[in-house]
Amino acid sequence: MSNHTPKSMDAIMSLCKRRGFVYQTSEIYGGINGFWDYGPLGAQLKKNLRDAWWQDVVMGPCWGRKGPNGRPVSVVPVDTTIIQHPKTWEASGHVAGFNDPMVDCRETKGRYRYDHVQVFVPASGERGDKPVFAYMGDTPSEAKQRKKAEKTFGEVTSVALSSLPQPWDRVIGPDAEKPGSLTEPRQFNLMFKTYVGATAGEDDKAYLRPETAQGIFAQAKNVWDTTRVKVPFGIAQTGKSFRNEVTPRNFTFRSREFEQMEIEFFCHESEALAWYAYWRDWRMEWWKSIGLAGDNLILREHEADELAHYSKATSDVEYRFPFSAPGYGELEGIAYRGNFDLSQHQKFSGVKMEYNDTERGEVLPNGSRRGERYVPHVIEPSAGLDRGVLAVLCEAYTKDESRPSPEFMKIHPRLAPIKAAIYPLVAKEGMPEVAEKLYEEIVQRFGRLGFIEFDEKQSIGKRYARMDEAGCPFCFTIDGETLTNQTVTVRSRDTGSQDRIGIDNVAGFLAEKLG
RNA sequence: GCGGGCGUAGCUCAGUGGUAGAGCGUCAGCCUUCCAAGCUGAACGUCGAGGGUUCAAAUCCCUUCGCCCGCUCCA
């Protein structure tokens, strides 16, 4: 199982196109880098995944399991705008973080964050005409360059590249052999910029959000002021975000426009680590429950040196995509962010982000509590919806040359865009009429979950094969026997097996299988 | 952003200077009482786009866009 050959990404992409899961955006104009559209089946698949998340996170959080405080988990939704006050992104750190100047190396083609490049220079300060040695901290270049520098100068000291005057003719790049290969620093704007107002100028510039999280943080106070929620509780949101990725790559995995499913779960600092572990473990189970079971899915705890400065713990749910194998690509990050974000908004907006927790503090004579005011800590399970769809597609793609349909999609019934197909075995002897009647009943009952197919054309094998590629889990076929004993066959996509059930039991069968 | 590969029908690909092709899919008809994706037929292409060379360009040259792979990046 663990050493199966990776699936072909090309084959998956071909199937996605020809069955209408994913198309390239603006394809008739030659496409545009980093943007993808969903076709009919893809749009429904994506909606089903989003709905599954919403159902399990907002409507019935964590499958009704109690939290570490012994109470049901409480989560409420919001829907915030893509364009927000520009100060939002100053507070969040994105304006700074998304504007990192980079330097390139002409010799090695390497690229480095300008403010992270250090240089070994003589400790004496006497440099003369000799070259100095640039490096990136905590990379192999550090030891290597230090060795060379010490050989040249003896005792060395480290200064920031930015402290040296340009052009850097005598600077040897971190991985280069010759001096003078580093370019001037260049700005990369990773946030999409736009202008608010029809006659807007530079003063009216705004950004398309690079994450949905900040809309939640910015409205957290409104939510606890107006909705009677009590800490601990979560706020959830799905929606589009935008990042001008340097290198969009790997089909839809790194797109410039993408959809997130984010939870910010607010709690008291003393309970935060327990909640962190709770969310981390449940989110992992959730991904398994929608069909990503097996060794392609892992939960990876970040090492201390990998953590953002404000995070006390972070883990990723990762999937082994065909293009990342044998490595993994991130589906969801679960981060304990302290109270960094709310504190930042408090600082930048001047609005107090403190929650008045009336269940804490000393007990007063009348039996109530004095209360405790604090800026809540937050656990952030942040998932990529499009990445989830991609993982589901990759996991579902199955090749079996022994079948009439050598390629088919084993999409979990809960997510499958086509839930069921109703077929007359042949288009005669009254079978189409019976099938149509069943079809109408099934559409009535299950049509809100996904597509229900009806088809009486061509041979039954051809129709089954077509459903295999579309990922439809069950086909119900009306045959001659149906007319005499009121039974139909259920043909299962994954095994090709057939079972007879009563025509009256079809709805019950689907209700059980579709969840 | 750099380097490499690729771009011809919905999909997979053949065609390397001289009338745009195949298989699959799609559609129609036939056949078919459970894999018959079988049979017959049909539709579908400014050969990614723009420019150039040539009597003639899918084919050669330049530019550009997109996809894939490797670097780089991923707050």
Side-chain angles (χ1 to χ4, degrees), chain A residues 8-20 23-36 39 89 92-100 102-113 115-116 136 174-175 183 186 188 190-191 210-211 213 243-256 308-311 322-323 329-330 333 335 384 402-408 423-431 456-469 475-484 488-493 495-500:
Chain A
S8 156
M9 208 57 216
D10 286 345
I12 292 170
M13 290 170 69
S14 295
L15 189 146
C16 282
K17 169 82 186 283
R18 81 174 174 265
R19 286 296 166 186
Y23 308 130
Q24 191 177 17
T25 297
S26 312
E27 190 182 299
I28 60 169
Y29 293 107
I32 175 165
N33 196 323
F35 298 88
W36 299 86
W89 311 111
S92 69
H94 288 86
V95 170
F98 265 102
N99 285 292
D100 293 328
M102 310 289 285
V103 294
D104 287 344
C105 177
R106 296 186 190 91
E107 182 184 323
T108 66
K109 310 305 177 194
R111 167 174 293 166
Y112 312 96
R113 250 178 80 167
D115 58 346
H116 285 189
M136 292 289 285
D175 305 296
T183 65
R186 284 181 290 190
F188 289 83
L190 296 188
M191 275 199 293
E211 63 176 29
R243 297 181 194 181
N244 249 325
E245 297 288 354
V246 177
T247 312
R249 203 52 83 81
N250 293 326
F251 201 23
T252 61
F253 184 78
R254 178 163 293 138
S255 295
R256 287 175 162 153
H309 65 88
Y310 46 76
S311 178
F323 52 77
E330 181 184 346
S402 72
R403 291 170 52 123
S405 53
E407 290 178 302
F408 66 108
Y423 294 149
L425 181 59
V426 291
K428 58 186 183 188
E429 292 174 23
M431 293 179 207
E456 57 179 16
K457 299 274 188 161
Q458 299 180 319
S459 69
I460 193 69
K462 199 156 193 152
R463 284 175 277 163
Y464 286 161
R466 195 147 37 200
M467 286 301 99
D468 283 347
E469 277 205 349
C475 297
F476 299 92
T477 302
I478 279 67
D479 58 14
E481 222 179 311
T482 309
L483 307 175
T484 60
V488 300
T489 58
V490 187
R491 186 265 187 186
S492 161
R493 172 197 66 202
T495 60
S497 66
Q498 292 179 27
D499 300 294
R500 286 206 87 82

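Reminder, nothing fancy here: chain letters follow the sequence lines and each chain counts from 1. Just so we're clear, the structure is a prediction, and the values are computed from it rather than from any experiment.
Taking atom C1' in both B:G15 and B:G23, the straight-line distance is 15 Å, to the nearest Å. When the P atom is compared between B:G70 and B:A14, the two are found 22 Å apart, to the nearest whole Å. With both ends at atom C1', the span from B:A58 to B:G7 equals 11 Å, rounded to whole Å. Distance noted for atom P between B:A20 and B:G48: 15 Å (whole Å). Spacing between B:C27 and B:G10 at atom C1', rounded to whole Å, works out to 13 Å. Taking atom C1' in both B:G38 and B:G50, the straight-line distance is 47 Å, to the nearest Å. Here, B:U40 and B:G5 have their C1' atoms 42 Å apart, quoted to the whole Å. Comparing the C1' positions of B:C13 and B:G17 gives an interatomic distance of 22 Å, to the nearest angstrom.
A:Glu481 comes within 4.0 angstrom of nothing in the nucleic acid, heavy atoms only. Base contact: A:Ser405 has a heavy atom under 4.0 Å from a base atom. Among the heavy atoms of the strands lying under 4.0 Å from A:Asn33 are primed sugar atoms or P, OP1, OP2 only; no base atom is included. A:Met9 comes within contact range of no nucleotide atom at all, as no heavy-atom separation falls under 4.0 Å. Here A:Arg466 lies in heavy-atom contact (under 4.0 Å) with sugar-phosphate atoms only. Residue contacts shown for A:Gly34 are limited to sugar-phosphate atoms, with no base heavy atom under 4.0 Å away. Counting any heavy atom pair closer than 4.0 Å across all strands shown, A:Glu245 reaches no nucleic acid atom. As judged by a 4.0 angstrom heavy-atom cut-off over every strand, A:Phe323 is placed among residues touching the sugar-phosphate backbone only. Using a 4.0 Å heavy-atom criterion, one finds that A:Gly496 contacts the bases of the nucleic acid, with or without backbone contacts as well. Contacts of A:Tyr29 with the nucleic acid, taken as non-hydrogen atoms under 4.0 Å apart, are absent. When heavy atoms are screened at a 4.0 angstrom cut-off, A:Arg491 is found touching base atoms of the nucleic acid.
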Close N/O contacts between protein and nucleotides 7-14 of chain B (under 3.5 Å):
from: B:G10; atom 1: O3'; to: A:Lys17; atom 2: NZ; distance (Å): 3.1
from: B:C11; atom 1: OP1; to: A:Lys17; atom 2: NZ; distance (Å): 2.4
from: B:C11; atom 1: O3'; to: A:Ser14; atom 2: OG; distance (Å): 3.2
from: B:U12; atom 1: OP1; to: A:Ser14; atom 2: OG; distance (Å): 2.8

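Using the Watson-Crick or G-U wobble rule with both distances under 3.5 Å, B:U16 pairs with nothing in any strand shown. With both pairing distances under 3.5 Å, B:C60 is matched to B:G52 as a Watson-Crick or G-U wobble pair. For B:U26, the paired base is B:A42 (Watson-Crick or G-U wobble, both distances below 3.5 Å). The pairing partner recorded for B:C73 is none, the criterion being a Watson-Crick or G-U wobble arrangement whose two distances lie under 3.5 angstrom. Remark: B:C6 base-pairs with B:G66; criterion is Watson-Crick or G-U wobble with both hydrogen-bond distances under 3.5 Å.
Checking the phosphate oxygens (OP1, OP2) of B:C69, a side-chain nitrogen or oxygen of A:Asn250 falls inside 4.0 Å. Between A:Lys457 and the phosphate of B:G29, there is a side-chain N or O to OP1/OP2 separation shorter than 4.0 Å.
A:Thr247 contributes no side-chain N or O that forms a donor-acceptor pair with the base of B:C73 under 3.5 Å. Side-chain atoms of A:Tyr464 and base atoms of B:C34 include a donor and an acceptor less than 3.5 Å apart.
Applying the ring-ring contact (aromatic ring centres under 6.0 Å, His included) test to A:Tyr464 and every residue at least two apart in sequence or in another chain returns nothing. Applying the salt bridge (Lys or Arg N to Asp or Glu O under 4.0 Å) test to A:Arg463 and every residue at least two apart in sequence or in another chain returns nothing. With sequence neighbours excluded, the residues that form a ring-ring contact (aromatic ring centres under 6.0 Å, His included) with A:Phe476 are A:Phe509. Considering only residues two or more places apart in sequence or on other chains, A:Asp10 meets the side chain to side chain contact (heavy atoms under 4.5 Å, CB included) condition with A:Ser8. In terms of the salt bridge (Lys or Arg N to Asp or Glu O under 4.0 Å) criterion, residue partners of A:Arg19 (sequence neighbours excluded) are, by chain and number, A:Glu469.
Between A:Met431 and A:Ile478 there is a side-chain heavy-atom pair separated by less than 4.5 Å. Between A:Phe251 and A:Cys16 the shortest side-chain heavy-atom distance falls below 4.5 Å.
Along RNA chain B, the nucleotide closest to A:Ala465 and the one closest to A:Val426 are compared, and the more 5′ of them pairs with A:Val426.
The side-chain hydrogen bond (donor to acceptor under 3.5 Å, both in side chains) test with A:Arg491 singles out one residue from A:Asp499, A:Thr477, A:Asp468, and that residue is A:Asp468.
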